[in-house]
Amino acid sequence: MDYSKVNYQVCEHCLIIQLPKEVDDHNCQGIKVASEHIIKEKKIKEVVFDCSNTVFMDSSGIGILLGRYKRMKELGGAVYIHGESGRIKKIFKMSGVYQIIQSI
């Protein structure tokens with residue numbers, strides 16, 4: 001199984017990004033580029049990060065979340081987080097992600 005794979009699904013004006021098992025510097029640039037392309041092309045208004053497969057995230061991963069939040073705010077849209085495990089929730093709480101991005 002390829003755990004580095006990132007899946008992107010568009011439902012109307014919502015982009016769902018299913019994050020891989022590990023979100024680190026190795027795959028963050030690809031997530032940034034691909035999501036920006038989809039956001040522009042499909043006129044996305046909401047981005048949902050599906051963390052249900054994610055067990056590790058470093059500061060680069062936090063940076064992707066915050067970067068997409070900033071971009072969507074500029075466009076009048078929103079970002080949400082979904083499916084995070086206990087370990088990922090702890091990372092998000094410690095980093096302050098939950099203060100600006102809502103978990104659904």
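Other residues, nucleotides and ligands contribute over 12 non-hydrogen atoms within 6.0 Å of the CD atom of E74. Crowding of D25 atom CG: a count of heavy atoms from other residues, nucleotides or ligands under 6.0 Å not exceeding 12.
Side-chain contact check for I64 versus M57: every heavy-atom pair is 4.5 Å or farther apart. E84 places a side-chain heavy atom less than 4.5 Å from the side chain of S103. The shortest side-chain heavy-atom distance between I17 and D50 does not fall under the 4.5 Å cut-off. Contact check for F56 versus V23: no side-chain heavy atoms found under the 4.5 Å cut-off. A 4.5 Å side-chain heavy-atom check between D24 and S60 finds every atom pair outside the cut-off. Using a 4.5 Å cut-off on side-chain heavy atoms (C-beta onward), V55 and S85 make no contact. The shortest side-chain heavy-atom distance between L75 and I44 does not fall under the 4.5 Å cut-off. Residues F49 and L65 form a side-chain contact, since some pair of their non-hydrogen atoms from C-beta on lies under 4.5 Å apart.
Looking only at distances, a side-chain donor or acceptor of H82 sits under 3.5 Å from a matching main-chain atom of I104. Side-chain N or O atoms of N27 include one that pairs as donor or acceptor with a backbone N or O of E22 at under 3.5 Å.
Here CG of N7 is found 8.5 Å from CD of Q9. Values are rounded to the nearest 0.5 Å. For the atom pair L66 CG and R71 CZ, the distance stands at 16.0 Å (nearest 0.5 Å).
Side-chain heavy atoms closer than 4.5 Å link hydrophobic residues (I, L, V, M, F, W, Y) into clusters, and following such links, even through other members, never connects M72 to V48. Residues Y80 and V10 do not share a hydrophobic cluster, clusters being chains of Ile/Leu/Val/Met/Phe/Trp/Tyr side chains in contact below 4.5 Å. Criterion: ILVMFWY side-chain heavy atoms under 4.5 Å apart, direct or through other members. Under it, V47 and I16 are not part of a common hydrophobic cluster.
Look at R68 and E36 and you find a salt bridge, because one of the NZ, NE, NH1 or NH2 atoms lies within 4.0 Å of a carboxylate O, short of that distance.
Across every non-hydrogen atom of G30 and Y8, the tightest pair is O-OH, 3.9 Å. Across I88 and T54, no two heavy atoms sit closer than the pair CG1-O, 3.4 Å. In terms of heavy atoms, V79 sits closest to Y69 at CG2-CA, 3.6 Å.
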* Step by step, would you call N53 with Q18 a side chain to side chain contact (heavy atoms under 4.5 Å, CB included)? -> CA-CA 8 Å; N53 293 329; Q18 186 171 15; 2.7 Å; yes
* Asked: Going through the checks in order, is the side chain to side chain contact (heavy atoms under 4.5 Å, CB included) test met by H13 and K43?
  -> CA-CA 6 Å; H13 295 288; K43 296 179 177 33; 4.2 Å; yes
* To do: Carefully, step by step, assess K89 and Y98 under the rule side chain to side chain contact (heavy atoms under 4.5 Å, CB included).
  => CA-CA 9 Å; K89 282 182 183 181; Y98 286 136; 3.2 Å; yes
* Where do H37 and K42 land on the side chain to side chain contact (heavy atoms under 4.5 Å, CB included) test, with the steps shown first? -> CA-CA 8 Å; H37 175 74; K42 302 291 185 180; over 6 Å; no
